[in-house]
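What follows is one structure encoded as structure tokens, with my remarks underneath.
Atoms considered below: every heavy atom in the structure, side chains included; atoms not considered: hydrogens, waters and symmetry mates.
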Amino acid sequence: MPPAVETELDALAGLLVGAPNVLVLTGAGMSTDSGIPDYRGPDGTRRVTPVQYHEFVRSADVRRRYWARAFVGWRRLATVGANAGHRAIARMQSVGALGALITQNVDGLHQAAGSRDVVELHGALAAVICLACGARSPRAALEARTRELNPSFHPGGSEIRPDGDIELAEVDAAGFVVPHCLCCDSDLLKPDVVFFGESVPKSRVTRCGALTDAADLLLVLGSSLRVYSGYRFVRRAAERGIPVAIVTRGPSRGDPTATVRLDAALGQVLPALAERLAA
């Protein structure tokens, strides 16, 4: 790494050593090394437009197109594994250098790497909820039923998105059959994740707020903080005089409040940070 990054990394390590309770907040940039691109490029410009909650709820066609894309995306997501950054975080947790972890990601890769005390702010793709009756079920069970309903559905598609979705031509999605809820027969099934335009459950926000208040340092990894659901905790920390450290590529909405700011690749920074703290 460049000398300037090494110096900043030393400063970050010093902050962590002096903070008994470090709360971690991660974003989509955490999973890019696993092959899951984030929504925005390094300049902060959104590269893809995710499905909006209100459109999903009010239109059966939108739900059909979403589930067709998600059916292909889920199979690709199942082949993705935790990367060096995920493993470094788990290692730092294991030696007590990091505490609880709030993630904006829905891919489950922190848990796959061995992290504990993970709060999934935006939910998890591995679960499905019926918006009509509230029934929850494992995504794997829905996947099996979807395959039975669409035995000949094998379209192409571009790169996977952070929410497990992909780009898919309308002609490819036209004949897709959406499974219905086994409890109430509604087609209002949705991954148990927070879509754009949807609110994070209040109980989850309250829990994350309490974790923020109890922290001695907030460490933000791989997030531009453009979405308020995560940015609110950076603001909350700053208002309470809790230091904030940010490591992400490109600009971040929280930069003005950061005590330490690294614009560097997490796949390099986090393993190097783990080595420093282990020593």
Side-chain angles (χ1 to χ4, degrees), residues 28 36 39 46 48-78 80 102-111 118-155 157 160-209 227-230 232:
I36 305 176
Y39 284 113
R46 182 178 289 177
V48 295
T49 302
V51 66
Q52 299 290 316
Y53 177 72
H54 69 280
E55 295 174 350
F56 183 89
V57 171
R58 73 186 183 190
S59 171
D61 282 341
V62 170
R63 293 194 292 277
R64 174 181 51 80
R65 289 195 298 271
Y66 172 81
W67 279 114
R69 298 193 306 265
F71 178 62
V72 179
W74 177 254
R75 285 181 291 176
R76 296 187 185 179
L77 191 66
V80 169
I102 301 169
T103 184
Q104 299 174 92
N105 300 339
V106 295
D107 51 38
L109 293 181
H110 281 298
Q111 294 93 322
V118 179
V119 181
E120 294 174 306
L121 185 63
H122 295 156
L125 283 171
V128 177
I129 184 171
C130 176
L131 298 179
C133 72
R136 282 179 164 80
S137 59
R139 179 68 174 269
L142 182 73
E143 182 74 4
R145 291 202 290 130
T146 305
R147 284 199 305 270
E148 292 177 0
L149 291 170
N150 300 275
S152 302
F153 189 75
H154 302 291
I160 194 171
R161 294 175 174 179
D163 61 357
D165 195 357
I166 65 164
E167 286 289 347
L168 198 65
E170 173 59 29
V171 65
D172 289 326
F176 188 80
V177 180
V178 179
H180 286 213
C181 175
L182 292 176
C183 295
C184 71
D185 199 37
S186 170
D187 77 330
L188 281 167
L189 293 175
K190 171 181 166 290
D192 196 9
V193 301
V194 178
F195 278 7
F196 277 72
E198 184 179 6
S199 297
V200 177
K202 185 176 180 180
S203 61
R204 208 174 296 163
V205 174
T206 300
R207 181 182 177 190
C208 292
V227 178
Y228 182 74
S229 61
R232 77 179 86 195

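- Once rounded to the nearest 0.5 Å, the distance linking CG of Leu109 with CD1 of Ile36 reads 5.0 Å.
- When every heavy atom of Cys208 is checked against every heavy atom of Val119, the shortest pair comes out as SG-CG1, 3.6 Å.
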Notebook entry, point to check: Do Arg232 and Val205 pass the side chain to side chain contact (heavy atoms under 4.5 Å, CB included) test, and can you show the C-alpha distance, the side-chain angles, and the key distance before you say yes or no?
Noted result: CA-CA 9 Å; Arg232 77 179 86 195; Val205 174; 3.4 Å; yes
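- The two atoms that bring Val194 and Pro201 nearest to each other are CG2-CD, 4.2 Å, heavy atoms only.
- Within the structure, side chain to side chain donor-acceptor pair (under 3.5 Å) contacts touching residues 189-206 (residues at least two apart or in different chains) are Arg136-Asp192, Lys190-Glu198.
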Notebook entry, point to check: Yes or no on ring pair (Phe, Tyr, Trp, His ring centres under 6.0 Å) for Phe56 and Phe195, after CA distance, side-chain angles and deciding distance?
Noted result: CA-CA 9 Å; Phe56 183 89; Phe195 278 7; 5.1 Å; yes
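- Considering every non-hydrogen atom in both Arg139 and Ala70, the closest pair reads NH2-O, 3.5 Å.
- Tyr66 places none of its side-chain heavy atoms less than 4.5 Å from the side chain of Phe176.
- In terms of the salt bridge (Lys or Arg N to Asp or Glu O under 4.0 Å) criterion, residue partners of Arg63 (sequence neighbours excluded) are, by chain and number, Asp187.
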Listed pairs under 3.5 Å, donor-acceptor, residues 120-132 side chains, sequence neighbours left out:
from: Glu120; atom 1: OE2; to: Gln111; atom 2: NE2; distance (Å): 3.0
from: His122; atom 1: ND1; to: Gln104; atom 2: O; distance (Å): 3.0
from: His122; atom 1: NE2; to: Ser229; atom 2: OG; distance (Å): 2.6

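- In plain terms, the two heavy atoms of Phe153 and Arg75 that are nearest each other are O-NH2, 4.0 Å.
- Partners of Arg145 under the side-chain contact (heavy atoms from CB on, under 4.5 Å) rule, at least two apart in sequence or in another chain, are Leu142, Pro179, Leu182, Leu189.
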